[in-house]
Asker: 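Below you will find the structure I want to go over with you.
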Amino acid sequence: MPLPSPLSRSFYQRDPVTCARELIGCELLWNKTTGVVLETEAYAEFGDEACHTFRRPSARKFIAEHPAGTAYVYLNYGMYWLFNVLVKSPVSNGFVLIRAIEPTSGRSLMEQRRSSTNLKQLCSGPGKLSMAFGIRGSDHGTDLCAKASRCLLAASGIVAIQEDCRIGISTAQDYPWRFLLKGSHLVSVPCRKDKTVR
DNA sequence: TCTTAGATGTGA
DNA sequence: CACATCTAAGAT
């Protein structure tokens, strides 16, 4: 059985926690730069106070009006673009926030966009990786299943994945909805739990 | 290596 | 007013 590919929409037609876990190890292609997804977080449309849908009608409208696999990009703290993927399933809709990536190609372009040559500084955080990949507000609404130049690709093999609690939020802090590629030194914050989920 | 303050735009 | 962040600066 081949791994389900995030090039097809069905990959994103699963619940947010499953999608967040399954995106670890996948490769992001964007603006002539590529990298392996190291860290993600799941946010659920309902029952999750930390999700935009909890306070923002515009987020609920976005879910209603777009298919699974659409990029949800927004500005945080007035300065940083955060890159999410919309996922939709019969059980639960929501977003997967991409939090860290290991650069695989386009390194010098990333260094330019980040004004740093330090590998550890390039994509080890959601604001940093958006900068390195040149992701901006104009990318909001991009269909990740439509173009081979702006998409996610399946992981090249089986990877070990750890789960942890989400970070950087002030509410609903206890859901174990952060996923990390086990052993990676390029994540935003190291894993505090010791739980391997795959 | 760690902690802290401050920059800043948008939705409601 | 809250906010899913980052950086520089200063302390340890």
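Atoms considered below: every heavy atom in the structure, side chains included; atoms not considered: hydrogens, waters and symmetry mates. A, B, ... follow the sequence lines: proteins, then strands. Residue 1 opens every chain.
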Asker: Give a yes or no on whether a donor-acceptor pair under 3.5 Å exists between the nucleobase atoms of dA4(C), that is its base, and the side chain of Tyr74(A).
Answerer: yes
Asker: Which distance, rounded to the nearest 0.5 Å, do you find between the CZ of Phe95(A) and the CD of Glu45(A)?
Answerer: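 The distance works out to 7.5 Å.
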Asker: Taking the six-membered ring for Trp, are Tyr72(A) and His52(A) closer than 6.0 Å centroid to centroid?
Answerer: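 They qualify: ring centres under 6.0 Å apart.
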Asker: Can you tell me the distance, in whole Å, between the NE2 atom of His52(A) and the P atom of dA12(B)?
Answerer: 10 Å
Asker: Do Leu97(A) and Tyr74(A) sit in one hydrophobic cluster, given that two such residues count as connected whenever their side-chain heavy atoms are within less than 4.5 Å of each other, even indirectly?
Answerer: yes
Asker: Base, sugar-phosphate, or nothing for Ser188(A), non-hydrogen atoms under 4.0 angstrom?
Answerer: nothing
Asker: Choose from dA4(C), dC6(C), dA12(B) the nucleotide whose nearest atom is closest to any side-chain atom of Pro57(A).
Answerer: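 Closest nucleotide to the Pro57(A) side chain: dA12(B).
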Asker: Look at all strands and tell whether Glu49(A) reaches a base, only sugar-phosphate, or nothing, counting heavy atoms closer than 4.0 Å.
Answerer: nothing
Asker: With respect to the phosphate group of dA4(C), does any side-chain polar atom (N or O) of Ser170(A) fall under 4.0 Å of OP1 or OP2?
Answerer: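 Yes, because at least one side-chain N or O of Ser170(A) sits under 4.0 Å from OP1 or OP2 of dA4(C).
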Asker: OP1 or OP2 of dT7(C) less than 4.0 angstrom from a side-chain nitrogen or oxygen of Gln121(A), does that happen here?
Answerer: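 So the side-chain polar atoms of Gln121(A) do come within 4.0 Å of the phosphate oxygens OP1 or OP2 of dT7(C), strictly under.
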Asker: For Cys191(A), does its backbone N or O pair with a side-chain atom of Gln162(A) as donor and acceptor, under 3.5 Å?
Answerer: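 Side chain of Gln162(A) to backbone of Cys191(A), a donor-acceptor pair under 3.5 Å: no, none is there.
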Asker: Please report, rounded to the nearest Å, how far the C1' atom of dC6(C) is from the CZ atom of Arg114(A).
Answerer: 8 Å
Asker: Classify the nucleic acid contact of Arg55(A) as base, sugar-phosphate or nothing, counting any heavy atom under 4.0 Å across all strands shown.
Answerer: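 It contacts sugar-phosphate atoms only.
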Asker: Among dA4(C), dC6(C), dG11(B), which is the nearest nucleotide to the side chain of Leu97(A)?
Answerer: dA4(C)
Asker: Of the options dA12(B), dA4(C), dC6(C), whose atoms approach the side-chain atoms of Ser58(A) most closely?
Answerer: dA12(B)
Asker: Among the candidates dC6(C), dA4(C), dA7(B), find the nucleotide nearest to the side-chain atoms of Cys51(A).
Answerer: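 Among dC6(C), dA4(C), dA7(B), the one nearest the side chain of Cys51(A) is dA4(C).
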